[in-house]
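All heavy atoms count here, side chains included; hydrogens, waters and symmetry mates do not. Here the structure is a predicted model, which is why all the values come from computation and not from measurement.
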There are 2 protein chains.
Amino acid sequence: MSNRPLTPSMEDYLEAILVLEKKNRVARVKDIAAMLDVQMPSVTGALKNLRDRNLIDYEKNSFINLTDMGLEKAKKIKKKHGILLSFMEIVLNESGEEAEKEACSWEHHLSTNVANKIQRVVDYIEEGFETGRITPDEWNRLIEG
Amino acid sequence: MSNRPLTPSMEDYLEAILVLEKKNRVARVKDIAAMLDVQMPSVTGALKNLRDRNLIDYEKNSFINLTDMGLEKAKKIKKKHGILLSFMEIVLNESGEEAEKEACSWEHHLSTNVANKIQRVVDYIEEGFETGRITPDEWNRLIEG
DNA sequence: TTCCCTTGTTATGATTGCCTAATTATTTGA
DNA sequence: TCAAATAATTAGGCAATCATAACAAGGGAA
């Protein structure tokens with residue numbers, strides 16, 4: 001039972017499990033590996049690590065289930081991911097694979113506090129679009145330099 | 001001569017060398033260790049790594065000198081660091097040790113393109129303060145939620 | 001049922017980056 | 001000058017994360 005803080009890598013696995021559960025009902029080793037671009041043995045190792053941390057229930061060759069604690073943590077990470085993605089897309093006019101990749105790296109180094117503030121920046125820009133304070137076109141010209 | 005992409009850790013060392021050179025004329029192992037909060041043997045190891053990458057000239061027990069390539073890379077990282085810090089301070093109203101730490105982690109996962117766009121967000125907010133479009137107080141209330 | 005294909009696991013090894021302890025080199029000051 | 005203090009290096013080890021190769025388990029089809 002490891003009590004050390006979650007590493008970025010383990011956060012990635014946890015998030016992948018949550019995303020795959022939503023998408024496919026169950027998260028399979030093969031799909032986690034594909035999503036994170038690692039080989040299957042790396043996933044097996046990670047699952048043991050997450051089990052030691054009581055974040056998943058898992059027996060070999062069987063289904064993976066997030067524990068309450070695991071689900072909670074996975075949701076937090078996923079939320080940060082979403083905030084960063086919307087910041088990238090709406091505020092920075094960046095989308096696609098590159099933006100996705102950068103958001104993925106950032107999210108592990110982002111405090112909840114800062115994440116919330118970034119969300120409010122996104123809200124402010126979106127509201128500006130809605131009220132006509134600034135048009136998306138104007139904003140994008142501004143942001144593209 | 002390693003040609004792999006610079007790791008976050010090696011970027012930290014490179015940046016620390018540049019900062020210490022500016023501050024003290026020369027970067028010493030002891031000071032790099034203190035700045036990055038690692039032990040001196042870790043620095044020695046990192047210096048060999050950076051030398052293998054042709055980013056510093058370095059012989060043991062002697063001065064450390066950034067090569068042209070090393071200087072260039074160090075400056076880029078330092079610039080990203082500065083951009084993130086100003087984003088934290090001006091846009092997110094976050095300063096102090098915590099903000100510094102988060103900027104330090106981010107900067108290694110930040111493309112030049114996204115960094116430049118973030119800079120323009122900072123400029124936009126600052127300009128808003130100058131023109132009175134929005135006051136710092138209003139902005140901070142907004143961002144603090 | 002039995003063979004085959006897919007999926008998952010184990011065993012093992014490489015890399016990175018950090019540490020402590022011990023040694024060597026350099027600097028300082030009496 | 002030379003002994004003590006400081007600085008830096010080497011040696012050896014540990015933890016995390018990934019990989020490849022080989023083996024085991026499970027499911028479908030003849």
Open item on the list: Counting C-beta onward and ignoring hydrogens, is there a side-chain heavy-atom pair between A/L14 and A/L66 closer than 4.5 Å?
Closed with: yes

Open item on the list: On the nucleotide C/dT10, are OP1 or OP2 found under 4.0 Å from the side-chain N or O atoms that A/K48 carries?
Closed with: yes

TODO: In whole angstrom, give the distance that lies between atom CD1 of A/I64 and atom P of C/dT7.
DONE: 14 Å

Task: Carboxylate-amine/guanidinium contact B/R120 B/D123, below 4.0 Å - done: no

Task: Given A/L18, A/V19, A/L20, A/N24, the one that forms side chain to side chain contact (heavy atoms under 4.5 Å, CB included) with A/K22 - done: A/L18

Open item on the list: Without decimals, in angstroms, what is the distance between A/L14 CG and D/dT17 P?
Closed with: 13 Å

- [ ] Could you tell me how the ring of B/F87 sits relative to the ring of A/F87: parallel (under 30°), tilted (30 to 60°) or perpendicular (over 60°)?
- [x] tilted

Task: C/dG8 OP1/OP2 closer than 4.0 Å to side-chain N/O of A/K60 - done: no

TODO: Just say parallel, tilted or perpendicular for the rings of A/H109 and B/H109, cut-offs at 30° and 60°.
DONE: parallel

Task: Contact state string [nucleotides 12-19 of chain C, B base, S sugar-phosphate only, - no protein heavy atom under 4.0 Å] - done: ---SSSSB

- [ ] Give me the bend of the helix from C/dT1-D/dA30 to C/dA30-D/dT1, using the axes of the five pairs at each end, rounded to 10°.
- [x] 10°

- [ ] Whole angstrom is fine here: how far is it from CZ in A/R28 over to P in C/dG8?
- [x] 6 Å

Open item on the list: Looking only at the side chain of B/Y58 (C-beta and beyond, no hydrogens), which of the listed nucleotides D/dA8, C/dT10, D/dT9 gets closest?
Closed with: D/dT9

Sequence neighbours left out, cut at 3.5 Å: what donor-acceptor pairs do the side chains of residues 70-82 of chain A make with other protein atoms?
from: A/K80; atom 1: NZ; to: A/L110; atom 2: O; distance (Å): 2.6
from: A/H81; atom 1: ND1; to: A/E107; atom 2: OE1; distance (Å): 2.5
from: A/H81; atom 1: NE2; to: A/E100; atom 2: OE2; distance (Å): 3.0

TODO: Whole angstrom is fine here: how far is it from CG in A/N61 over to P in D/dG26?
DONE: 6 Å

- [ ] Rounded to the nearest angstrom, tell me the gap between atom CD in A/E59 and atom C1' in C/dG8.
- [x] 15 Å

Open item on the list: Less than 6.0 angstrom from the centroid, inside 45 degrees of the normal: does B/R133 satisfy that with respect to the ring of B/Y124?
Closed with: yes

Task: side-chain hydrogen bond (donor to acceptor under 3.5 Å, both in side chains) evaluation trace for B/E98 with A/S111 - done: CA-CA 9 Å; B/E98 187 55 37; A/S111 69; 5.2 Å; no

